[in-house]
Amino acid sequence: MAKRNVYFFGGGKAEGKAAMKNLLGGKGANLAEMSSLGIPVPAGFTITTELCTEYYKNKGKLPKALTAEVNKALARVEKAMGKKYGDPADPLLVSVRSGARQSMPGMMDTVLNLGLCSKTLPGLIAKAGDARFAYDAYRRLIMMYADVVMEKAAGIEPKDGRGVREKLEHAMEAMKKRKGVELDTELDAKDLKRLCEEFKKIVKKTIGKEFPDDAEAQLWGGIKAVFQSWNGRRAIAYRRIEGIPGDWGTAVNVQSMVFGNLGETSATGVAFTRNPATGEDKFYGEWLVNAQGEDVVAGTRTPRPLNKATKTADTKHLKSLQEQWPTLYRQLAGIRNKLEQHYKDMQDIEFTIEDRTLYMLQTRVGKRTGAAAIRMAVNMAETGLIDKATAIMRVKPEQLDELLHPMLDPAGQKKATLVATGLPAGPGGGVGQVVLTADDAESWAKKGKKVILVRNETSPEDVHGMHAAEAILTAKGGMTSHAALVARGWGKCCIVGCGALHIDVAAKKVTVGDKVIKEGDWMSLNGTAGRVYAGQVGVLPAEPRKNKWYKKLMTWADAARQINVRANAERPEDAAQAVAFGAEGIGLTRTEHMFFEPERIVHMRVMILAEDETARRKAVMKLLPYQKQDFIGIFKAMAGKPVTIRLLDPPLHEFVGGLDNKQIAQLAKKIGVSAARIKARIAQLHELNPMLGHRGCRLGIAYPEITEMQARAILEAAAELTKKGVKVQPEIMVPLVGTKNELANQEAIIRSVGDEVEKQYKVKLNYLVGTMIEIPRAALTADEIAEVAEFFSFGTNDLTQMGFGFSRDDVGGFLPYYLAEEILPVDPFQVLDQEGIGQLVEMGVKKGRSTRPTLKVGICGEHGGEPSSVMFCHRVGMDYVSCSPFRLPVARFAAAQAAIQWPRKAKKKAAGKKK
Ligand code: ADP
Ligand code: MG
Ligand code: MG
């Protein structure tokens, strides 16, 4: 049997279901599911995403067999609705709607009211008994069809302001002006009829083709246009940002129209089953009487609040649906509960009321802020709707970052001049310079500027600029407008519906009352309160620890994860901070950072420039007391948790590079040699490839006294604290090892210092000696290295550098091309390259444990705080990940998600120790 291309839904039945999202797209699958659940959904059918792919394979041709399938499904729809498509007496009208697997808000285009033409118009007028309504539907059809089907899908790309939609909108504005009215709803039947005639002329003139006066032609034009829009410019741009593959395709939904614009007893609205900004368990939405389709989100009229919970200071005088039609509201609230119980997640829904009858037009999992995601997940788990593991999986690790989002400093805010207020669409604070177009936002941001994109309203054309902006501000639109939806999805600060703004794009300025804000002026937004300030207000870091839902979720995550998390920290205060963020140890203390303080660097330089061992030893031992104090501080802050200390790593010339003559003269005096000799020595230290030069363990091998001093500082600090009864767990890490013998050489020095210190202090020390695995050869010979090493810590920054042969310091020159050309999907220094470098890591772990089963393994590269890399570390069997303190919450959370998806056979975390 031939493959089926069309799936019917309606009248309490459906051939598809929610699980068929890949085939039917999100919209189609959920319309089918709602229909099966007995929720009132206008009948329709879905053409599959597979057909979209086929359409592109066939160079834009639809297969012959589709015609019969569509006609059959249409006949079923006609039967369910009791009307016929194209029937002059009582025409059925339909919408043609796109729907990809994953929702792409506003990316794809919908056409409403198909089937209206000169043959069917009189029938619709007669049946509805309302000419105004019929012409309203007609003018909408002409506008959408001309824009979506005749222009966009045909690949016509008019310049800003010259598109057919703008021209038609212009004509409508002109008509309203002539009539002296403000709202579309104030135009009467005669006006709209005239407008339709005018519209058709404009279409002909702009596009050079007649608007099709034939129901059949409209239907197929619409279907094709949806497929065509999958590869439209906006859709491609959005897919790139969201990482949606191009071969998924979109489905087409053809659905009977229900009319929210059938006068004062009709309405349309959008809602979220819970508050998408805060996560509060309250039904939340907006609606408009006598409106159709996207009127609510388009921002042409101010939408009304759905209920009491949705009212704000600005909208409290408007009558809610709950107040106006309590029975319908109750029915809708019942559907809300049914949907949440069924889908077990917050839903974003569309509804239309046609002459006091409620219809559902869409449901999908709603986008939400990070804060809302956390609160909903925790609430749903606590009420038993979902389990804890599901709650953890519901929140994206990056969404935690939003909670860690900066806010405007309240003190600075009090002093700042309030310019205007709007709707708080995306929380957090945003400070930047005003730009008025998306292209400017992008190009300014590329130059490193922070910008605030100010628009009347945003459209999918603006997505690239919205992405580049710190924050988004629009004059029009509600909480569910395009700007609001997109910004929330990205966790971006956003204020919409800021009606006081008068934006003049041509003159590059915004006027608010008598105030003028020019392009480039600074502005500060409080997206949580919807307040716009002039100038630069300071920002405060967010305080996730004050959020009880966040705290609870993190408790669950910590209980679920099977690996430990550590922080990279060098100073006692950083260590304390790390503990506050949940660090269970320190995975990397870079000792060289301790040498740059003025009183220390002198000794360092003396040591480096020393000409023989005696002089070097004398200088290096001057550093001992400083180092010892550093370690005492860190050990104390970590209170018995393991602390990995890396021995000196960078090329020595980093300490003597850039010295001026005066400094050289001072040094010469201190050491007692001539300035010329110092200069010669510095020249001698110069290397062509310092990153591959005399650094890492190569330093300790050439100058053993450095290793000796550092080992002594660490172990004496440990001994002193141990004597005082303070628990310490030092892990001494030798950097840049590529062979077993390098490590053995350094280990011998460390152990002999250890023995001396134990004797001297009369204590038994508890410490480990291990190495970083950051040279490919070390990963390849990890079994041999593990004969000496008691632990491995993967230094994936260097491992990536050497594995790819990309200089970390010079990657900026070529990486942008790699990313633009998609030669690499992402920057491998940010996201661990699991496919390539990951093999070295995996092999290193396996080989290491083959000779030493108890080998402790972790990661201390930048990747240790990046969610996908953390999950990889869990999978290859590491004991811990280590990252900068601020990334710890994300790392803990990603580790929990990894444990839920790829559970280990118990034990490991306990072995890695917990508490
Ligand atoms: P999007 O994916 O951009 O949300 P939709 O296909 O959901 O596009 O449609 C856009 C608007 O048109 C929505 O408000 C939707 O509710 C409305 N709409 C779509 N089909 C119908 C229909 N058959 N009857 C009434 N309104 C419809
Ligand atoms: Mg749309
Ligand atoms: Mg929709």
Side-chain angles (χ1 to χ4, degrees), residues 9-10 24-31 34-35 40-47 74 77 80-81 83 85 92-116 133 136-137 140-141 143-145 147-148 152 219 222-223 225-226 229-230 232 234-235 238 250-262 266-272 285-288 290-300 303 347-355 357-367 458-460 463 478 480-482 484-486:
F9 59 83
L24 302 180
K27 201 178 285 164
N30 286 325
L31 283 169
M34 282 200 290
S35 193
V41 173
F45 57 86
T46 304
I47 308 175
L74 187 60
V77 174
M81 303 302 290
K83 294 178 191 190
Y85 188 72
L92 173 73
L93 301 191
V94 298
S95 64
V96 172
R97 321 172 64 186
S98 63
R101 273 191 217 187
Q102 191 174 314
S103 91
M104 294 167 60
M107 288 301 115
M108 312 285 290
D109 293 303
T110 293
V111 183
L112 304 179
N113 308 330
L114 290 161
L116 263 185
F133 150 73
D136 184 52
R140 289 171 191 267
L141 169 66
M143 185 183 285
M144 284 185 264
Y145 196 92
D147 175 39
V148 176
K152 290 212 180 83
L219 177 64
I223 291 173
V226 172
S229 70
W230 174 253
R234 303 175 300 159
Y238 188 85
T250 178
V252 182
N253 301 290
V254 176
Q255 188 175 24
S256 318
M257 284 303 303
V258 286
F259 301 103
N261 55 337
L262 203 55
S266 300
T268 186
V270 290
F272 294 89
E286 292 168 335
W287 70 299
L288 274 175
N290 197 9
Q292 190 176 40
E294 314 222 277
D295 289 359
V296 175
V297 293
T300 41
Q347 299 289 301
D348 167 355
I349 60 179
E350 291 172 3
F351 62 91
T352 283
I353 295 166
E354 177 180 313
D355 198 16
T357 306
L358 175 67
Y359 296 94
M360 298 303 294
L361 285 162
Q362 189 170 334
T363 188
R364 63 183 168 199
V365 172
K367 285 198 192 287
T458 64
S459 80
V463 166
T480 45
S481 66
H482 178 260
L485 280 182
V486 172

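Start at 1 and go down the list; that is how both ligands and their atoms are numbered. In this chain, numbering begins with 1 at the start of the sequence shown. When reading the values below, keep in mind they use all heavy atoms of this one structure, side chains included, and skip hydrogens, waters and symmetry mates.
Checked against a 3.5 angstrom limit, the closest N/O atoms of Leu112 and ligand 1 fall outside it. Residue Thr352 has no N or O atom closer than 3.5 Å to an N or O atom of ligand 1. Taking only nitrogen or oxygen atoms, main chain and side chain alike, Leu361 does not reach within less than 3.5 Å of ligand 1. Polar contact check, Gln362 against ligand 1: a nitrogen or oxygen pair lies under 3.5 Å apart. In terms of polar-atom proximity, defined here as any N/O pair under 3.5 Å, Ser256 does make such a contact with ligand 1.
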Which is it for Asn113 and Tyr145 under the side chain to side chain contact (heavy atoms under 4.5 Å, CB included) test, yes or no, and what are the steps along the way? CA-CA 9 Å; Asn113 308 330; Tyr145 196 92; over 6 Å; no
Decide side chain to side chain contact (heavy atoms under 4.5 Å, CB included) for Leu116 and Arg140; before the verdict, give the C-alpha distance in whole Å, the side-chain angles of both, and the deciding distance to 0.1 Å. CA-CA 10 Å; Leu116 263 185; Arg140 289 171 191 267; over 6 Å; no
For the pair His482 and Val463, evaluate side chain to side chain contact (heavy atoms under 4.5 Å, CB included) and give the outcome as yes or no after the intermediate values. CA-CA 10 Å; His482 178 260; Val463 166; 4.2 Å; yes
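Of the options Met360, Glu350, Met144, the smallest heavy-atom separation from atom 16 (O) of ligand 1 is shown by Glu350. For atom 22 (C) of ligand 1, the candidate residues are Met257, Gln292, His482, Glu354; the nearest heavy-atom contact is made by Met257.
Looking at Met257, Gln292, Met144 one by one, the single match for side chain to side chain contact (heavy atoms under 4.5 Å, CB included) with Ser95 turns out to be Met257. When each of Arg97, Arg364, Lys27 is checked for a salt bridge (Lys or Arg N to Asp or Glu O under 4.0 Å) with Glu350, only Arg97 meets the rule.
Listed by number with element, the atoms of ligand 1 under 4.0 angstrom from any heavy atom of Ser95 are 19 (C), 20 (N), 21 (C), 22 (C), 23 (N). Every atom of ligand 1 with a heavy atom of Val258 under 4.0 Å away is listed here by number and element: 24 (N), 25 (C).
Side chains of Leu92 and Ser256 form a contact here, defined as non-hydrogen atoms less than 4.5 Å apart. Between Phe133 and Asn261 there is a side-chain heavy-atom pair separated by less than 4.5 Å.
Annotation: ring-ring contact (aromatic ring centres under 6.0 Å, His included) contacts of Tyr85 (sequence neighbours excluded): none.
Checking side-chain atoms of Asp147 against main-chain N and O of Met143 turns up no donor-acceptor pair under 3.5 Å.
The minimum heavy-atom distance linking Met360 with Phe351 is given by the pair SD-CB, 3.9 Å.
Near-neighbour remark for the Mg ion (ligand 3): protein N, O or S atoms under 2.8 Å are Glu350 OE2, Gln362 OE1; waters not counted.
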